[in-house]
Amino acid sequence: MEQVQFSGILSHDPAENPDFFNWNKVKIRYCDGSSFAGHSENEFHNGTYLFFRGQLIWKAVMDELLAKGMSNAGQALLSGCSAGGLATMIHCDDFRAKLPKTATVKCLADASFFLDEKDVNGRHTMQLFYKNVVNLHGAAKSLPRDCVAKMSPSLCFFPQQIVESIKTPLFLVNPAYDFWQIQHVLVPAASDLPDEWRRCRLNIQNCSSHQMDILQGFRNSLLNALGEFKKKKERGMFINSCFIHCQTWMATWHGPNSPKLNNKTIAENAGDWYFNREQTKQIDCPFPCNPSCLNMDFTQA
């Protein structure tokens with residue numbers, strides 16, 4: 001059996017994971033394609049019946065973990081990155097409801113605050129993508145009822161809508177220049193046919209001043225979308241100005257070379273928030289102001 005190396009927030013090393021190193025940890029492999037939100041009975045496609053039942057997978061995993069002892073937990077944290085972070089937001093309150101009322105239960109979503117923004121050609125690329133996912137998987141049943149009642153379910157798949165309904169304390173880790181969103185939301189390949197953005201999409205250091213102005217606008221859209229979120233006392237955030245995607249499950253979580261805001265790593269800020277040591281709502285200054293950032297370079301890939 002192949003073993004998966006646990007690092008970052010999953011690490012057992014107190015030097016790498018100071019607040020959660022000695023917790024029981026479970027990694028749920030992503031396998032359904034809709035952040036464990038699918039409800040479809042079946043879809044006939046290319047002569048094959050495909051079953052999208054992510055919601056049932058989530059329930060089965062939770063039932064097994066509760067039976068193995070999670071039902072006695074005194075502290076719990078549901079976390080995920082990218083699509084896993086979206087799953088964290090979708091299922092955060094359900095996770096809270098399954099655990100003892102006396103337990104401290106919170107959620108942390110990493111690199112998953114996907115924006116409902118037009119791409120550089122003015123197309124709603126992400127809206128169309130989410131519409132296809134929600135329709136194929138029948139995911140509307142897993143989304144906030146109050147949201148689905150007033151707008152298209154595909155719009156309710158965007159985190160900005162989901163977080164309005166979450167009652168459980170939630171912490172967001174997100175780079176303001178998330179390379180996945182830049183490459184798939186803002187400048188998807190189909191919208192860059194002349195390859196004007198190719199060098200910028202692969203390395204933020206290669207962006208022209210005009211392209212950086214557009215990226216700064218994208219950052220502003222993220223901060224605007226978080227406007228209501230940051231007003232609530234029990235919520236926290238770590239929004240740095242790095243060209244990266246996931247940061248909690250790798251060395252960027254905590255270490256001498258990890259990204260910092262106000263001289264604290266992501267792990268230290270998340271720990272302060274979880275254990276109520278202090279309120280944590282950190283927002284970085286615009287790129288390229290933070291020398292502690294790890295900025296990805298895909299030009300050699």
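Only a predicted model underlies this, so the values are computations on that prediction, with no experimental measurement involved.
A centroid separation of 6.0 Å or more is found between the aromatic rings of Phe243 and Tyr177. The ring of Phe229 has its center no closer than 6.0 angstrom to the ring center of Phe113. Close placement of the Phe275 and Phe20 rings is indicated, their centers lying within 6.0 Å of each other. Separation of the Tyr274 and Trp23 ring centroids falls under the 6.0 Å cut-off.
The side-chain heavy atoms of Asn174 and Met237, taken from C-beta on, include no pair separated by under 4.5 Å. Residues Pro169 and Arg235 form no side-chain contact, since every pair of their non-hydrogen atoms from C-beta on lies 4.5 Å or further apart. Taking the side chain as every heavy atom from C-beta outward, Phe179 and Phe298 approach each other to under 4.5 Å. Counting only heavy atoms from C-beta outward, the side chains of Ser79 and Phe171 never approach each other to under 4.5 Å. Between Cys31 and Phe36, the closest side-chain pair of non-hydrogen atoms falls below 4.5 Å. Contact check for Val120 versus Asp192: no side-chain heavy atoms found under the 4.5 Å cut-off. For the pair Leu66 and Leu99, the minimum side-chain heavy-atom distance is below 4.5 Å. Counting only heavy atoms from C-beta outward, the side chains of Asp119 and Arg123 approach each other to under 4.5 Å.
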request  = Using the side-chain contact (heavy atoms from CB on, under 4.5 Å) rule, take Lys25 and Leu77 through it: C-alpha gap first, then chi angles, then the decisive distance, then the call.
outcome  = CA-CA 10 Å; Lys25 306 177 187 74; Leu77 177 65; over 6 Å; no
Verdict with supporting geometry, His39 and Ser142, side-chain contact (heavy atoms from CB on, under 4.5 Å) = CA-CA 8 Å; His39 278 271; Ser142 291; 2.9 Å; yes
inquiry  = What verdict does the side chain to side chain donor-acceptor pair (under 3.5 Å) test give for Glu16 and Ser11, after you've listed the backbone C-alpha separation in whole Å, the side-chain angles of each residue and the deciding distance to 0.1 Å?
reply    = CA-CA 7 Å; Glu16 185 180 346; Ser11 174; 3.2 Å; yes
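Asn262 and Gln282 form a side-chain donor-acceptor contact under 3.5 Å, judged by distance and modelled atom types alone. With hydrogens and angles left out, the side-chain atoms of Glu117 and Ser221 include a donor and acceptor closer than 3.5 Å. Side-chain contact annotation: Asp94 with Trp58, donor-acceptor N/O pair under 3.5 Å present. In the model, Thr299 has no side-chain atom that pairs as donor or acceptor with a side-chain atom of Asn203 under 3.5 Å. Looking only at atom types and distance, the side chain of Asn240 has a donor-acceptor partner in the side chain of Gln247 under 3.5 Å away.
Side chain of Gln211 to main chain of Glu196: a donor-acceptor pair is present (N/O by atom type, distance under 3.5 Å, no hydrogens or angles). For Thr252 (side chain) and Pro259 (main-chain N/O), no donor-acceptor pair under 3.5 Å exists by modelled atom type. With hydrogens and angles disregarded, a donor-acceptor distance shorter than 3.5 Å links the side chain of Lys281 to the backbone of Lys232. The backbone N or O of Gln183 sits less than 3.5 Å from a side-chain atom of Arg201, completing a donor-acceptor pair.
A salt bridge links Lys59 and Asp63; the closest N-O separation between the charged side-chain nitrogens and carboxylate oxygens is under 4.0 Å. Here Arg277 pairs with Asp19 in a salt bridge; the nearest charged N to carboxylate O distance falls below 4.0 Å. Using a cut-off of 4.0 Å between Lys/Arg side-chain N and Asp/Glu carboxylate O, Glu278 and Lys264 are scored as salt-bridged.
The aromatic rings of His184 and Trp180 sit parallel, their planes meeting at an angle under 30°, below the 60° perpendicular limit.
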